[in-house]
Amino acid sequence: MKTDFKEEWKHLNQYQMEAVLDESPACVVNANVGSGKTTVLIAKILYLHYEKSVPLEDMVVLTFTNKAADEIISRLRKKEPGLSREQVMGFGTFHSAALHLLKHQLSLEQTGWNREFTVISPDEEADLAAEVIAEQKLTVRYKNRLKKRLEQEYPGYVRGKESSRYRDDLFRLFPLLEEEKKRQNKMSFSDLLRVSAVLLRAGEWHPQWMIVDEVQDSDAQQIEFLEALKGKDTRLFAVGDPNQVIYSWRGTGENMFYLLKHRFAAKELSLPVNYRSSASILEAANRFLQSGAGIQSSRGAGGKIVVKNHYDPFQEAEYLAGRIRALHDAGRAYGEIAVFYRLQKQAELLKKVLERQRIPCEVSVRKTVRDIPVLNWLIKVLRFSVNPADGQMGMEALADPQYGETRTRAKAKKIIREQKWDNVLLYQRMLEFQDQEAWKKDTVPKAAEIFAYFGLREALHPTASAYQEDEKLVLRLLERICGYSREKGCGLIEGTREFVNQSALYGVNLLSADRDMDSAGIENFPGDTVKLMTLHASKGLEFETVFLIGMNQGLIPLHSQSFEQEEEERRLFFVGITRAKDELELSYYTNPGEPGISGEYSRYLRMLPPHLLEWEELRSEGEKRSNLQQLRREVQEQIREKKEQEQKEQEPQKNTAVKYARHPKYGAGILVSEDEMMVEVEFEGYGRKQFLKAFGEVTVEGE
DNA sequence: AAGATCTATCTTTTT
DNA sequence: GATAGATCTT
């Protein structure tokens, strides 16, 4: 099937066209905000594919986040519905591309890992490191910050630095940790990129084209991966915006856009025309542009930018509820309205008030299987089943305080070390999982069969109050794994292995179907709701109406200690206001009610051209005010209660050492909660029971 | 075991 | 520039 390109591309402007047609060995496109970056990327891929007959399989299309990868694939699929999964194998994040190469393209033989490896998250790597430290009796300082230290100091170690800045055993840990990861056949995120780069340099495989999105967000390791991926005839096409670097505090060094350009001696093109925002909004945004000649507008002036002053965050929220309702009544969809703020904690009050006023709204938070305890445990079980070398995982699956065998960590470790599996059904089933002949083939069982195989009914404790819900969640996840395996035609065991690896890299969004099959709509929240999010989370999105709240000195920009950070705050504000298509409203409060935040408005407001702004003071009438007072009390009470509850929920989890209790009739059980009066204990086969301490029937023991 | 000293965190969060 | 937490010192 051949697309008519004249028809297809007549909507591209000359700059976009030039980028699409460019065939330099390396080209970086400096894409201004809202300039049709993704459109160009898609057009480029289609152009190469249909006009230049480059098979999609010979392109590697790399993004920084999964969300971006999903969007590209789904937009491509809209143009080309017949797109198969195999064709877009090389499309994804740097990490998923590396994973794919290691699994299918490169030969791992000499690395110490083998093809059945599983991927571990930074948390899991830190856990493993802690084990190694304990076993080898290493002295490593600041163990509570181990995860961070591993991440921060590893590059120094690789570059051949002598020792850690704290003069401890951390640099001795690194090689030992690597040994252990090889022994357990597990790779960390950075291993994926590092090892695949090493193998790629040996020249085994190179694509015809490397296409990179949001290149300003990549880090040194990712640039290195690109260099390794590039063969003699590989061409590079990268798109990015140096003005939208808002994550450099995460370790992304200085402007990667120009670094990449320099490293690949790339030609630089630009996309100067913005198609999103009104001219007024763009004129404001231009004041905050840090590099480039300025954004060209393609739309009319639009209304002024409204600046509002509120008494405090509460009244601001009240006002927003009313304003949003009015907008909605005037025909604006809730989904086209967003409220941005600098700090996550500003969301709570806002959400409460909006909900109270019956405004449908959603706070942007990513929920994955890891946030749901029972699924987090199930993933551990599956990870060990699919990779029995992973003793760490096996131990954690057996030692979970809530699910399964609920043994102590020491006992679980012993079982695994001695491989004593008589009497431990779950352990036995995990070990034998890979030997199930039927599941090796392409026959995929029903979720219920796997449920029964692992004895999950017992493991989830049928008497527990959460059982119904847990069972449903577990079956749903198993169902998805079956579906995934079936679709791949690879049998359950291989399918499960791939699934757990993916879940380490993507997290699993439970609400959505398979990401490759139905990715439209994942990136946004479903339904017509007002979106509440941090400025950081707003990147890449657009809305007709944007409210940016808390424009107070000390909040926007947030108190920052260095010049670089101050620059980043400015870019963050730039990103925020350029999300708005038609209406932008900025507000601050005279009474922030938080120490460190002043009642003065942000100096950023003074940096905007005055003729674009419309200042409005808001005064509250007496009657409305008394109404407010009561609402305020109620909402504050609710928030306080919620906080207390959260604290309660967290406490037992923090207490990782499981406490056991003994009762003359019910035997040994697990301590659920305890206060001055009562103890609550969960007994196998009896469920949860509460006892008065005064009766003294129950004795609580340590480990 | 108390007291002194060092270190990171204030915020944002992806793979 | 204050504070919590870990570690070192005595």
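Within every chain, numbering begins at 1; the chains are lettered A, B, ... in the order of the sequence lines, protein sequences first and strands thereafter. All values derive from a computational prediction rather than experimental measurement. Only this structure's heavy atoms are used, side chains among them; waters, hydrogens and symmetry mates stay out.
- Across dT15(B), dC8(C), dT11(B), the shortest atom-to-atom separation from the side chain of R141(A) is found for dC8(C).
- Straight-line distance from the CD atom of E125(A) to the C1' atom of dT15(B): 12 Å, rounded to whole Å.
- Distance check on atom C1': dT3(C) versus dT13(B) gives 24 Å, rounded to whole Å.
- Phosphate contact (OP1/OP2 of dT13(B), side-chain N/O of T534(A), threshold under 4.0 Å): present.
- As rounded to whole Å, 10 Å separates atom P of dT13(B) from atom CG of L343(A).
- Rounding to whole angstrom units, CD1 of residue I246(A) and C1' of dT11(B) are separated by 13 Å.
- Rounded to whole Å, atom P of dT14(B) lies 17 Å from atom CG of L193(A).
- What separates CD of E214(A) from P of dT14(B) is a distance of 13 Å, to the nearest Å.
- In terms of phosphate contacts, K143(A) brings no side-chain nitrogen or oxygen within less than 4.0 Å of OP1 or OP2 of dT7(C).
- Contacts between residues 168-190 of chain A and DNA chain C, counted as heavy-atom distances below 4.0 Å, involve no residue at all.
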**Report entry** Full working for salt bridge (Lys or Arg N to Asp or Glu O under 4.0 Å) between E151(A) and R145(A)
**Finding:** CA-CA 10 Å; E151(A) 199 186 307; R145(A) 297 191 273 265; over 6 Å; no
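- The main-chain N or O of S121(A) is found under 3.5 Å from a side-chain atom of E124(A) such that the two form a donor-acceptor pair.
- Listed pair Q221(A) / dT15(B) fails the phosphate criterion, with no side-chain N or O lying under 4.0 Å from OP1 or OP2.
- Nearest heavy atoms, L200(A) versus A228(A): CB-O, 3.6 Å.
- A side chain to side chain donor-acceptor pair (under 3.5 Å) with D217(A) is found for exactly one of K539(A), Q244(A), Q222(A), namely K539(A).
- Following rounding to the nearest Å, D219(A) (CG) and dT13(B) (C1') show an atom-to-atom distance of 14 Å.
- Between dT13(B), dT11(B), dT7(C), one nucleotide has an atom nearer to the side chain of R342(A) than all others, and that is dT11(B).
- Residue Q290(A) places its CD atom among more than 12 non-hydrogen atoms of other residues, nucleotides or ligands, all under 6.0 Å distant.
- Applying the 6.0 Å contact sphere to NZ of K351(A) captures no more than 12 heavy atoms from other residues, nucleotides or ligands.
- Candidate nucleotides dG5(C), dT15(B), dT12(B) were compared by shortest atom distance to the side chain of N144(A), and dG5(C) ranks first.
- Mapped onto DNA chain B by nearest heavy atom, L572(A) and Y142(A) fall at different nucleotides, with Y142(A) at the one closer to the 5' end.
- Spacing between dT7(B) and dT11(B) at atom P, rounded to whole Å, works out to 23 Å.
- Among the nucleotides dT15(B), dT9(B), dT13(B), the one closest to any side-chain atom of H536(A) is dT13(B).
- Summarising the geometry, the separation between CD1 on I556(A) and C1' on dT12(B) is reported as 12 Å, rounded to the nearest angstrom.
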Query - salt bridge (Lys or Arg N to Asp or Glu O under 4.0 Å) assessment of R149(A) paired with D168(A) - result: CA-CA 12 Å; R149(A) 287 197 63 194; D168(A) 62 3; 2.8 Å; yes
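- L558(A) comes within contact range of at least one nucleobase, with a heavy-atom separation under 4.0 Å.
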Report task. Evaluate the ring pair (Phe, Tyr, Trp, His ring centres under 6.0 Å) criterion for residues Y588(A) and Y601(A): first the C-alpha distance (whole Å), next the side-chain angles of each, then the deciding distance (0.1 Å), finally the verdict. Result -> CA-CA 6 Å; Y588(A) 66 99; Y601(A) 59 78; 5.2 Å; yes
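- Regarding contacts with the backbone of dT15(B), a side-chain N or O of N66(A) is found under 4.0 angstrom from either OP1 or OP2.
- Comparing atom distances between the L505(A) side chain and each of dT14(B), dT15(B), dT11(B) picks out dT15(B) as nearest.
- Between the CZ atom of F225(A) and the C1' atom of dT14(B) there is a distance of 17 Å, given to the nearest Å.
- Without hydrogens or angle criteria, E498(A) side chain to E494(A) main chain gives no donor-acceptor distance under 3.5 Å.
- If you check dT7(B), dT14(B), dT12(B) against the side chain of R145(A), the one that comes closest is dT7(B).
- Without hydrogens or angle criteria, E569(A) side chain to L558(A) main chain gives a donor-acceptor distance under 3.5 Å.
- No side-chain donor-acceptor contact under 3.5 Å links N552(A) to the backbone of S602(A).
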Report task. Could you summarise the pairing of DNA chain B as dot-bracket text, marking Watson-Crick and G-U pairs under 3.5 Å with ( ) or [ ] inside the strand and | across strands? Result -> ||||||||||.....
